Amino acid sequence: MPYHRAVAHWGGFSISQLETPARPEPEAGARARAGRLLDARLLLLLVLVAVGSRSLLADLLDGPALRTWSTIFVSITVQALPFLVLGVLLSGAIAALVRPGWLASVLPSRDLLAVPTASLAGVALPGCECASVPIAARLRAGGVQPAAAMAFMLAAPAINPVVVVSTAVAFPGRPGMVVARFLASLLTSVVVGLVWSRLGREEWMDRARSRLVEGDSRWASFARTAREDFLQAGGWLVVGALAAATLQTLVPRTFLDAVAGNHLLAILCLGLLAVALAICSEADAFVAASLRQFPLDARLVFLVVGPVVDVKLIAMQVGVFGRRFAVRFAPLTFAVAVASAVLVGRWLL
C-alpha cells in the first residue's frame, strides 16, 4: 500500500497513536483520492504498454522471438493473477476482521521468544508486503517490541499460505523448493529480528508518519484494502512479467548462460533483480520459474529477497520510520535473506 495515506487500518482500527499530527480531513481525503487515482493510472498505463508491446517490439524481434516474448509474458501474468487476487482478498479480510492489538496481547515480553512467535504469526495473519510496513508501525505503536514488529513485517508476506501454494504451482514436482522458500524466509525474519533486538536503536526509528485511509465499516475497510493492494501489486506484476519476458527474449542466451554458470554471480544478480523488480510475493514464483537458465538456489534467493527488501519497501520504510532506519535495515535484510537462501538451498535443493 502507498505509504503516504492518512490513516492506517488493520482490523478497522486507526493509528491514532502515531507521532505525526493528522492533517485536516479534507486535505487527507484529497491526498488519498489522488493516491488511488495515481495507482489506477499507473496500472492502466502498464497494461496498455504490455498490450502494445507486440507492435513496439515488432521492429526489434523476428516472428519466433516475438511469439516467445508474448508467450512468456502472457503465461506469467495469467498464472500469477489468480494468486494475486486471492492474496489481496485475504489481506483485505485480515484488515477488516482482525484486531490490531491481538498480536501485541499474545506475544511474549522477551525478544528471544517474541521474535520467532511474531514470525510464525505470519502464517496465521498473512498480508501483502504492500501493507507490511504500515502494519509494523501499527504494532510498534500498540506496544509490540520493535524487533518483533520487524520480524512480523518480514514474515507475513513471505510465508503465508497463498505464497506457499503459488510456489508449489509455479514449481510442480519440486516440493523441496516450497519447503526451502518457507524455511529460508522464516529464518530471515527471525535472524533479522534478533539482530535488530541487539543492535537496533530506538532513535533510528524516529518517526512513523505513514497513515492509511480507513473505511467507515469493516466492509469498507475490506473493499478499500483489497482494491488498493490490487492496483499497486497488479502494476508491479505487469512490470515483472515484462522484465522476465524481455530478459528471456532480448538478452543473448550466451550471456545468460555465462551469468547462470557463475554460481556466485547468479545468486547476486537474481538477488539484485528481486530488489529492482519489486514483484508481489503472491506472484513472484512464476517469474522465478521462468528463469530456467539459473540454478535453483539462485532462484530461491530471488524468492526470499523479494518479499523482504525491494525498492518499493525501502521507499515505504523511509516514509514510515525514517531514512536512518531504512539505510541500516534494508542492507541487513538483504544480506541475511541471501545468506539464508543459500544456506537452506544447499541443504534442501
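Since the model is a prediction, treat every value here as computed from it, not as a measurement. For reference, positions follow the sequence shown, starting with 1.
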At their closest point, which heavy atom of [X] faces which heavy atom of [Y], and how far apart are they?
X    : Y    : value
S119 : S189 : OG-OG, 3.0 Å
V123 : P161 : O-CD, 3.5 Å
L313 : G306 : CD1-O, 4.3 Å
G122 : I159 : C-CG1, 4.2 Å
A341 : A184 : CA-CB, 3.9 Å
A326 : P331 : O-CD, 3.8 Å

Heavy-atom donor-acceptor pair, S281 side chain to P157 backbone, under 3.5 Å: yes
Within the side chain of R198, is there an N or O that forms a donor-acceptor pair under 3.5 Å with the backbone of L194? no
What's the separation between atom [atom1] in [X] and atom [atom2] in [Y], rounded to the nearest 0.5 Å?
X    : Y    : atom1 : atom2 : answer
L113 : L107 : CG    : CG    : 10.5 Å
F171 : L300 : CZ    : CG    : 8.5 Å
W196 : R201 : CH2   : CZ    : 9.5 Å
W347 : L183 : CH2   : CG    : 6.0 Å
L272 : F302 : CG    : CZ    : 11.5 Å
L187 : L154 : CG    : CG    : 11.5 Å

Do [X] and [Y] touch side chain to side chain, with heavy atoms closer than 4.5 Å?
X    : Y    : value
M150 : F325 : yes
R299 : M177 : yes
V164 : V178 : yes
P108 : T117 : yes
H263 : D297 : yes

Taking salt bridge (Lys or Arg N to Asp or Glu O under 4.0 Å) as the definition, give me every residue that meets it alongside D310, ordered by chain and number, with sequence neighbours left out.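 Residues passing salt bridge (Lys or Arg N to Asp or Glu O under 4.0 Å) with D310: K312.
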Run F182 and T167 through side chain to side chain contact (heavy atoms under 4.5 Å, CB included) and show every step you take. CA-CA 10 Å; F182 181 92; T167 306; over 6 Å; no
Does V190 belong to the same Ile/Leu/Val/Met/Phe/Trp/Tyr cluster as V163, with side-chain heavy atoms less than 4.5 Å apart forming each link?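 V190 and V163: separate clusters.
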Shared ILVMFWY cluster between V275 and V327, side chains joined below 4.5 angstrom? no
Which residue pairs pass the salt bridge (Lys or Arg N to Asp or Glu O under 4.0 Å) test when at least one of the two sits in residues 159-185, sequence neighbours left out? R181-D284
Sequence neighbours excluded and cut-off under 3.5 Å, please list the side-chain donor-acceptor pairs for residues 332-340, or say none.
unit_1: T333; atom_1: OG1; unit_2: F329; atom_2: O; d: 2.8
unit_1: S340; atom_1: OG; unit_2: T188; atom_2: OG1; d: 3.4
unit_1: S340; atom_1: OG; unit_2: V336; atom_2: O; d: 2.8

Tested for side chain to side chain contact (heavy atoms under 4.5 Å, CB included) against C269, the lone hit among L264, V301, V259 is V259
